[in-house]
Amino acid sequence: MSEGALAKGYEFAEVESHWYSYWEENGFFRADQTSSKPPYSVVIPPPNVTGQLHIGHALNDTLQDILCRYKRLKGFEVLWVPGTDHAGIATQNVVERQLAADGLTRHEIGRETFQERVWEWRAKYGGIIINQLKRLGASCDWSRERFTMDEGLSQAVRQVFVSLYNSGLIYRGKRMINWCPRCVTALANIEVEGEELSGSLYHIRYPLVNGKGALVVATTRPETMLGDTAVAVNPQDNRYKAFAGQMVVLPISGRHIPVIADPYVDREFGTGALKVTPAHDFNDFDLHTRHNLDIIQVIDERGIMTDQAGAYAGMDRFACRRQILKDLEKGGWLVKTEAHTHRVGHCYRCHSVVEPMLSLQWFVAVKPLAEAAIEAVREGKTKIVPAKWEKDYFNWLENLEDWCISRQIWWGHRIPAWYCRRCNQVIVSMEAPGQCPNCSGDSLEQDTDVLDTWFSSGLWPFSTLGWPRKTQELEKFYPTSTLVTAFDILFFWVARMMMLGLRFMEEVPFREVYVHALVRDAEGQKMSKSKGNVIDPLLMMDKYGTDALRFALTAFAVQGRDIKLSEDRIEGYKHFVNKIWNAARLLLMNLEGFEGPFEIPEKVTGLAHRWILSRLQRVAAETADSLDNYYFNQYAQVLYQFLWHEYCDWYLEIVKPDLYGEDAEAGRLARSVAAHVMHNILVLLHPVMPFITEEIWQRMKPFTSGLSIMQESFPESRSELIDPEAEEQMETIMAIIVAVRNIRGEMNVPPSLKVEVVCIGDQDSHLELLEGQRRMIADLAKVSSLTIARAGEIPKPGHAAGAVVGNMEVFVILKDILDFESESGRLQKELSKLEKEFAMTSRKLSNDDFLQKAPQDVIDKEREKNARLGEKLEKLNRRLDIMNGLRENLAI
RNA sequence: AGGCACGUAGCUCAGUGGGAGAGCGCUACCUUGACGCGGUAGAGGCCGACGGUUCGAAACCGUCCGUGCCUACCA
């Protein structure tokens, strides 16, 4: 061995940075578009350029990294495209805050200077999250890192816009949209988050103009009454039928407004009379269209009351509400106030209450695009895993309304539309036009709005590969293989990539979508900075190492269930990392000066060796199967179980005498097999624990060869090594060892004290097996002398504690120290457990229906089990009789 | 209001028609030459409730209870 023994503790910090740069320097993450290997490609969900790595990213990118590293080992040409998203509103907010600190606003410095500031900001801080991804071990091809505002991607955006405009799928129109008065921009419907608020429902009296009575309306937003242009009632409502067509006096303003009848009004809700404010409510706007009502805008784009609000002009909308209520009360119009919880829309970026607003915006007509996106999933061109998300996907796309894509901010892709100042012609084109094609005027102005960030993210799978240019990358890697994402951006992002990918590439953007869960805190709450319950992945990596964090996230990544994560669960997996390290340490200590063989022999002899090799083949198969099906938790668990509880607990303990013993041949075999299995475990684990596996792998030469574990082949399950006989025999031996240990434990025999053990059986195969494994049993069960005998050959020992294993009896001789009382108690407990099981199988077997209708193999199995239990019961019963007899003798 | 999940050991969760499992925690014992971030053994569960299908249900179906999430224009 070249590298020598391992340090006692695993120094993860050093190891991690060392190997990451080694991988990067050697170009192991780089994809070759000219390769003849089959392609496997993934595009990263681009984090916000303003972002810091949070636990959600850590999960998302760990899973992608697992898939990418796995596929590389499997012989694929893997491309993982990294990058960041310009995050229009979020980034603009960040830079505006920075300006505010200098006492400036973006309007004061102007659009161009502001954009320069954003680019400066990006140059300085935009790489933070990239470095955090490297810290996590992400094996992205950094030579292909993209940013949604890159020139190439921007050109893609313009081309898509122009193309959709020319085919009539992008249009400009004046419609009701959601507006954030804080961000001062339009939002897409999906960017509005409904939040349950406890507010009030105010009942307000609107007197009839003719003085003969009044209508009482109910509203949650009294301030909008300044813009009321009607009161609506249901035509079927007998209470109000007579009012329809009359006029009422709008309190405070004194304006006269009509009472209209419309079936939209819910008779049951509130008073059954609805105030109608077309300028500030989606449904009221619809009523305006049907009834040709006036529109009066009383709230402006900053949430301030307009001149139309009369005396309230200039007030903030919420201050106005309070004042209106006071004034209504003073005037006697406020009939009553009742508590009312309702959902109010909030801006997903800044959390302000959004305002419905009539506004001139750009839209994408999504219907035809959505139909194609639905069709592609229905036909299985893209598979969503777990499949339950397909339902949500369909439901969303089927009920999709046109997508508002213009934003009134400065950071983003400016809309490629120009307006002729002379004739108002709209010109949409890739580049700034020289003159108006309609009137030849040369006074043109570009639209000041930018596009929704998600518009550019929607192109990500092909824009990052060079589209609209025809590149080798597109040829080789599109459609991408797998998209890994959390469900909360299924609609924001996945659905839009589907729509746009199908439209412009005429092919789905990805073959499979794996939708993973959200990471929550230990109480199941969403993590948020304001709640203070965030787990910072960077801190976790500092404390426990990246591999431990990655393994924890993977072990909890069960399909369809959110992950409740707490710090001690991460700490727990650090223990696993430690276990791997120490197993390797034991191995490497014993490989010093080892001269081979570095391969296992063609034909392996020795029960334990055959057994562990057989188990390894099964584990390799399960591992691949788990990853192929996105059962990440199962992948982690299988390896955890195998490494710790089979390789370490049993195999290494079994071969220790060979390692330390005199038999050189046995020592060589043990070293070869132990190293072979470790080598394979390392490769199997590498996708989830890239760092420690590389570190150990490097030290295992010449068992390993090459530059990196990354260049290995993923272990195939070798059927010729699967050895059911060895597995069965080991199970028998292990059961006997456990039985002896159990007795020792129960009877309080100290570990330092070796005991005499007698095994009695009546099957040749068993007796031979035990004879062959004397040493293993003696070592692992701490046995001083082991007697193996055929039933009847020797008397069953009296002063001994016994157990039944299969159809053998195992006795631990306790001569003077046997306490008959506790031994008979122990046997009794075991008996009652068995009796219950025996009764159950007996009942089944005496059921004619079962015997007639159950499949034969089930019946056979049940018969076998019943016989086994019966035999065991008989032996235990006899033993109990003996113990009871001895106890009575003692009493006499 | 509708839809979708989930309810299994103290905690967190696997398991989807024929033997109730894991990790952590807990108890007892242990300076065994890789590891106390360890070892060995043990305790602990009418698998939310009720009904149905079935020879057989933790699993399939229905109802209910509880929890969570998503969607919706009841002002």
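Order of the sequence lines sets the chain letters (A, B, ...), proteins ahead of strands, with each chain counted from 1.
More than 12 heavy atoms of other residues, nucleotides or ligands sit less than 6.0 Å from atom CD of Glu338(A). No more than 12 heavy atoms of other residues, nucleotides or ligands shown are found within 6.0 angstrom of CD on Glu401(A).
Out of A20(B), C24(B), G42(B), the shortest distance to the side chain of Asn742(A) is found at G42(B). Taking only side-chain atoms of Glu837(A), from C-beta outward, the nucleotide of C55(B), A75(B), G19(B) with the closest atom is G19(B). When distances are taken from the side chain of Arg569(A) to each of C55(B), A5(B), C11(B), the shortest belongs to C11(B). In this structure, the nucleotide among C55(B), G18(B), U12(B) sitting nearest to the side chain of Val858(A) is G18(B). For Lys844(A), counting side-chain heavy atoms from C-beta on, the closest listed nucleotide (G19(B), G42(B), A75(B)) is G19(B). Closest to the Asn748(A) side chain, of the nucleotides G18(B), C24(B), A28(B), is A28(B).
When the side-chain contact (heavy atoms from CB on, under 4.5 Å) test is applied to Arg775(A), the partners found at least two apart in sequence or on another chain are Pro657(A), Asp658(A), Asp779(A). With sequence neighbours excluded, the residues forming a salt bridge (charged side-chain N to carboxylate O under 4.0 Å, His left out) with Glu398(A) are Arg378(A), listed by chain and number. In this structure Trp650(A) satisfies the ring-ring contact (aromatic ring centres under 6.0 Å, His included) test with no other residue, sequence neighbours excluded. Residues passing the salt bridge (charged side-chain N to carboxylate O under 4.0 Å, His left out) test with Arg205(A), sequence neighbours excluded: none. Applying the ring-ring contact (aromatic ring centres under 6.0 Å, His included) criterion to Phe394(A), with sequence neighbours excluded, gives no partner residue. Scored by the ring-ring contact (aromatic ring centres under 6.0 Å, His included) test, His288(A) finds Phe285(A) as partners (sequence neighbours excluded). The salt bridge (charged side-chain N to carboxylate O under 4.0 Å, His left out) check on Glu835(A) picks up nothing, with sequence neighbours excluded.
A distance of about 13 Å separates the P atoms of G48(B) and G10(B), rounded to the whole Å. Distance check on atom C1': C73(B) versus A49(B) gives 38 Å, rounded to whole Å. One C1' atom belongs to U12(B), the other to G51(B), and the distance between them is 31 Å to the nearest Å. Spacing between A9(B) and C55(B) at atom P, rounded to whole Å, works out to 31 Å. G15(B) and A5(B) have their P atoms separated by 15 Å, with the value rounded to a whole Å. When the C1' atom is used for both U8(B) and C47(B), the distance is 4 Å, rounded to whole Å. Remark: the separation of the P atoms in G45(B) and C11(B) is 13 Å, to the nearest Å. A distance of about 14 Å separates the P atoms of G17(B) and A58(B), rounded to the whole Å.
Within 4.0 Å of Arg343(A), counting heavy atoms only, lies at least one base atom of the nucleic acid. Residue contacts shown for His203(A) are absent, as no nucleic acid heavy atom lies under 4.0 Å away. Across all strands shown, Val558(A) has heavy atoms under 4.0 Å from sugar-phosphate atoms exclusively, and none from any base. Val738(A) comes within 4.0 angstrom of the backbone, heavy atoms only, and of no base.
Between the P atom of C70(B) and the CD atom of Glu390(A) lies a distance of 21 Å, rounded to the nearest Å. When the P atom of G19(B) is taken as reference, atom CZ of Arg863(A) falls 16 Å away, rounded to whole Å. Residue Asn395(A) contributes atom CG, which lies 15 Å from atom C1' of A5(B) at whole-angstrom precision. As rounded to whole Å, 13 Å separates atom C1' of A20(B) from atom NZ of Lys833(A). Counting to the nearest Å, the P atom of A75(B) and the CD atom of Glu268(A) are 14 Å from each other. Atom-to-atom, CD of Glu223(A) to P of A75(B) comes out at 14 Å; the value is rounded to the nearest Å.
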(request) Heavy atoms under 4.0 Å is the rule here; annotate nucleotides 30-39 of chain B 5' to 3' with B where the base is hit, S where only the sugar-phosphate is, and - elsewhere. (result) S--BBB-BSS
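Note on Arg741(A): a side-chain N or O is less than 4.0 Å away from OP1 or OP2 of A41(B). Listed pair Asn399(A) / A72(B) fails the phosphate criterion, with no side-chain N or O lying under 4.0 Å from OP1 or OP2.
A centroid separation of less than 6.0 Å is found between the aromatic rings of Trp644(A) and Tyr640(A). Two rings, from Tyr206(A) and Phe243(A), have their centers 6.0 Å or more apart.
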Extract from the structure each pairing of a protein N or O with an N or O of nucleotides 44-47 of chain B at less than 3.5 Å, listing the distance.
none

Show me the donor-acceptor pairs within less than 3.5 Å that the side chains of residues 541-560 of chain A make with the rest of the protein, sequence neighbours left out.
{"unit_1": "Asp542(A)", "atom_1": "OD1", "unit_2": "Arg135(A)", "atom_2": "NH1", "d": "3.3"}
{"unit_1": "Asp542(A)", "atom_1": "OD1", "unit_2": "Arg135(A)", "atom_2": "NH2", "d": "3.0"}
{"unit_1": "Lys543(A)", "atom_1": "NZ", "unit_2": "Glu567(A)", "atom_2": "OE2", "d": "2.5"}
{"unit_1": "Tyr544(A)", "atom_1": "OH", "unit_2": "Glu567(A)", "atom_2": "OE2", "d": "2.6"}
{"unit_1": "Thr546(A)", "atom_1": "OG1", "unit_2": "Glu16(A)", "atom_2": "OE1", "d": "2.9"}
{"unit_1": "Thr546(A)", "atom_1": "OG1", "unit_2": "Arg135(A)", "atom_2": "O", "d": "3.4"}
{"unit_1": "Asp547(A)", "atom_1": "OD1", "unit_2": "Phe691(A)", "atom_2": "N", "d": "3.3"}
{"unit_1": "Asp547(A)", "atom_1": "OD2", "unit_2": "Ile692(A)", "atom_2": "N", "d": "2.8"}
{"unit_1": "Arg550(A)", "atom_1": "NE", "unit_2": "Val688(A)", "atom_2": "O", "d": "2.9"}
{"unit_1": "Arg550(A)", "atom_1": "NH1", "unit_2": "Asp65(A)", "atom_2": "OD2", "d": "2.8"}
{"unit_1": "Arg550(A)", "atom_1": "NH1", "unit_2": "Leu136(A)", "atom_2": "O", "d": "2.9"}
{"unit_1": "Arg550(A)", "atom_1": "NH2", "unit_2": "Asp65(A)", "atom_2": "OD2", "d": "2.9"}
{"unit_1": "Arg550(A)", "atom_1": "NH2", "unit_2": "Pro687(A)", "atom_2": "O", "d": "2.8"}
{"unit_1": "Thr554(A)", "atom_1": "OG1", "unit_2": "Arg550(A)", "atom_2": "O", "d": "2.7"}
{"unit_1": "Gln559(A)", "atom_1": "NE2", "unit_2": "Asn629(A)", "atom_2": "O", "d": "3.1"}
{"unit_1": "Gln559(A)", "atom_1": "NE2", "unit_2": "Tyr630(A)", "atom_2": "O", "d": "3.2"}

Which atom pairs, donor and acceptor, lie under 3.5 Å between side-chain atoms of residues 272-282 of chain A and protein residues at least two apart or in another chain?
{"unit_1": "Lys275(A)", "atom_1": "NZ", "unit_2": "Thr224(A)", "atom_2": "OG1", "d": "2.6"}
{"unit_1": "Lys275(A)", "atom_1": "NZ", "unit_2": "Asp228(A)", "atom_2": "OD1", "d": "2.9"}
{"unit_1": "Lys275(A)", "atom_1": "NZ", "unit_2": "Thr277(A)", "atom_2": "OG1", "d": "3.0"}
{"unit_1": "Thr277(A)", "atom_1": "OG1", "unit_2": "Asp228(A)", "atom_2": "OD1", "d": "2.7"}
{"unit_1": "His280(A)", "atom_1": "NE2", "unit_2": "Val298(A)", "atom_2": "N", "d": "3.0"}
{"unit_1": "His280(A)", "atom_1": "NE2", "unit_2": "Ile299(A)", "atom_2": "N", "d": "3.3"}
{"unit_1": "Asp281(A)", "atom_1": "OD1", "unit_2": "Asn283(A)", "atom_2": "N", "d": "2.8"}
{"unit_1": "Asp281(A)", "atom_1": "OD1", "unit_2": "Asp284(A)", "atom_2": "N", "d": "3.0"}

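Along RNA chain B, the nucleotide nearest to Asn847(A) and the one nearest to His342(A) differ in position, and the one closer to the 5' end is contacted by Asn847(A). Place Phe556(A) and Val749(A) on RNA chain B by their nearest nucleotides, and Phe556(A) ends up nearer the 5' end.
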(request) For RNA chain B, produce a single dot-bracket line, 5' to 3'. Pairs: Watson-Crick or G-U wobble, both distances under 3.5 Å. Symbols: ( ) within strand, [ ] crossing, | other strand, . unpaired. (result) ((((((((.[[[[.)..(..]]]].(((((.......))))).....[[[[[..)....]]]]])))))))....
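The closest side-chain donor-acceptor pair between Gln637(A) and Asn633(A), if any, does not fall under 3.5 angstrom.
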